[in-house]
Amino acid sequence: FEGARRDWRWIRENPMKEVRWPRTPKGRKRRISPEEEADLTAAFGLDEGLSSDTATKRVGLAFLFALETAMRSGEILALTWPNIHLSDRYVHLPKTKNGDSRDVPLSRRAVAVLDALPRAFGPAFQLDADDRDALWRKVRNRTPHRSIHFHDSRAEAIWRLSKKLDILQLARVIGHRDLKSLMIYYDESAAEMARRLG
């Protein structure tokens with residue numbers, strides 16, 4: 001409307017001038033407890049070992065991988081073997097949500113997840129977003145943890161990585177351009193910080 005008023009002179013006054021925009025809701029910051037992680041791992045059939053012989057197990061592997069890397073679901077599902085560098089323990093993401101590329105370091109557990117996947121042409125996890133979503137909900141709903149979303153793995157992973165990496169390394173790993181956006185996920189209490197101070 002402002003362009004139509006100012007640039008094109010189609011209208012005399014912007015009818016949206018007095019409209020108040022709604023506040024942006026607070027970001028979701030749900031943590032995933034070790035018990036919830038163990039229950040979900042078992043529900044996906046991965047408690048006896050990592051394997052990828054079914055699409056359901058590959059969804060479980062994607063969830064475990066997300067907990068290790070803080071990668072978004074779409075980034076995980078788009079991973080292909082030419083961009084996975086197991087010997088150097090990182091994956092390359094050629095294009096991310098913000099349009100940049102980035103390299104994500106891999107923990108030993110993340111490497112173990114990738115080692116469990118078949119080496120084939122196309123996406124490493126051999127899942128599309130609809131299958132991942134449907135299978136995630138189906139299996140999750142068989143557990144007492146129905147409030148967990150797949151994307152909660154990102155917040156949990158960022159929290160875990162914040163204990164191992166400094167703030168600049170963390171921003172680089174998760175692909176945030178400004179440190180303010182990290183505050184959405186970082187939620188350490190004053191008591192926890194005091195214990196770290198000694």
### Task
Please round to the nearest 0.5 Å and tell me the distance separating atom CG of D39 and atom CD1 of I148.
8.5 Å
### Task
Supply the atom-to-atom distance I167 CD1 to Q169 CD, rounded to the nearest 0.5 angstrom.
10.5 Å
### Message
Are the side chains of H92 and S101 in contact, using a 4.5 Å heavy-atom criterion?
### Response
yes
### Spatial distance of atom OG1 (T56) from atom CG (D53) [nearest 0.5 Å]
10.0 Å
### Query
Can you name the nearest heavy-atom pair linking R89 to R108, along with the distance?
NH2-N, 3.7 Å
### Gap separating the CG atom of L67 from the OG1 atom of T41, nearest 0.5 angstrom
8.0 Å
### Query
Do R102 side-chain atoms and V173 backbone N/O form a donor-acceptor pair below 3.5 Å?
yes
### Task
Using a 4.5 Å cut-off on heavy atoms from C-beta on, say whether the side chain of I76 contacts that of F63.
no
### Query
Taking T143 for the side chain and H145 for the main chain, is one N or O donor matched with an acceptor at less than 3.5 Å?
yes
### Query
So, does S52 use its side chain to make a donor-acceptor pair with the main chain of A116 at under 3.5 Å?
yes
### Message
Given 3.5 Å as the limit, does a donor-acceptor pair link the side chain of R119 with the main chain of W81, or not?
### Response
no
### Message
Main chain of R109, side chain of E68: is a donor-acceptor contact present, judged purely on distance under 3.5 Å?
### Response
no
#### Entry: Side-chain (D88) to main-chain (Y90) donor-acceptor, under 3.5 angstrom
no
### Query
Is there a donor-acceptor pair under 3.5 Å between the side chain of R31 and the backbone N or O of E156?
no
### Query
Can you tell if the side chain of R154 reaches within under 4.5 Å of the side chain of I174, non-hydrogen atoms only?
yes
### Task
Heavy atoms only: give me the nearest L61-L46 pair and the separation to one decimal.
N-CD1, 3.5 Å
### Query
With side chains defined as the heavy atoms from C-beta onward, is the minimum distance between E75 and V91 less than 4.5 Å?
no
### Task
Locate the shortest heavy-atom distance separating R146 from N141; write the atom from each residue and the value.
NH2-O, 2.9 Å
### Message
Ignoring hydrogens, what is the shortest heavy-atom contact between G45 and K57? Give both atom names and the distance.
### Response
O-CE, 3.6 Å
### Task
Could you tell me the separation between the OG atom of S51 and the CZ atom of R58, rounded to the nearest 0.5 Å?
10.0 Å
### Closest heavy-atom pair and its distance - T80, G122
CG2-O, 3.7 Å
### Task
For side chain to side chain contact (heavy atoms under 4.5 Å, CB included), just list the numbers for R172 and D103, CA-CA rounded to whole Å, side-chain angles, deciding distance to a tenth of an Å, and then say yes or no.
CA-CA 8 Å; R172 185 172 181 182; D103 293 335; 6.0 Å; no
### Message
Show, in sequence, the C-alpha distance, side-chain angles and deciding distance for V113 and F125, and conclude whether the side chain to side chain contact (heavy atoms under 4.5 Å, CB included) test is met.
### Response
CA-CA 10 Å; V113 167; F125 284 86; 4.3 Å; yes
### Query
Which atoms form the tightest heavy-atom contact between N14 and E2, and what is the distance?
ND2-OE1, 3.0 Å
### Message
Can you confirm whether W136 sits close enough to F44 that some side-chain heavy atom of one is under 4.5 Å from a side-chain heavy atom of the other?
### Response
yes
### Message
Would the distance check show the side chain of N83 and the main-chain N or O of L79 forming a donor-acceptor pair, the cut-off being under 3.5 Å?
### Response
no
### Task
Output yes when a side-chain donor or acceptor of D152 lies under 3.5 Å from a complementary backbone atom of H149, and no otherwise.
yes
### Query
Is there a side-chain contact between F65 and L106 (heavy atoms, below 4.5 Å)?
yes
### Query
Is it the case that one hydrophobic cluster holds both L77 and F121, taking links as side-chain heavy atoms less than 4.5 Å apart, direct or via other members?
no
### Message
For I11, is there any backbone N or O sitting under 3.5 Å from a side-chain donor or acceptor partner on R5?
### Response
no
### Message
Using the rule given for side chain to side chain contact (heavy atoms under 4.5 Å, CB included), can you reason through L64 versus L50, listing the C-alpha separation, both sets of side-chain angles and the distance that settles it, and then say yes or no?
### Response
CA-CA 10 Å; L64 295 177; L50 303 179; 3.9 Å; yes
### Task
Calculate, to the nearest 0.5 Å, the distance between atoms CG and CG belonging to D130 and L135 respectively.
10.5 Å
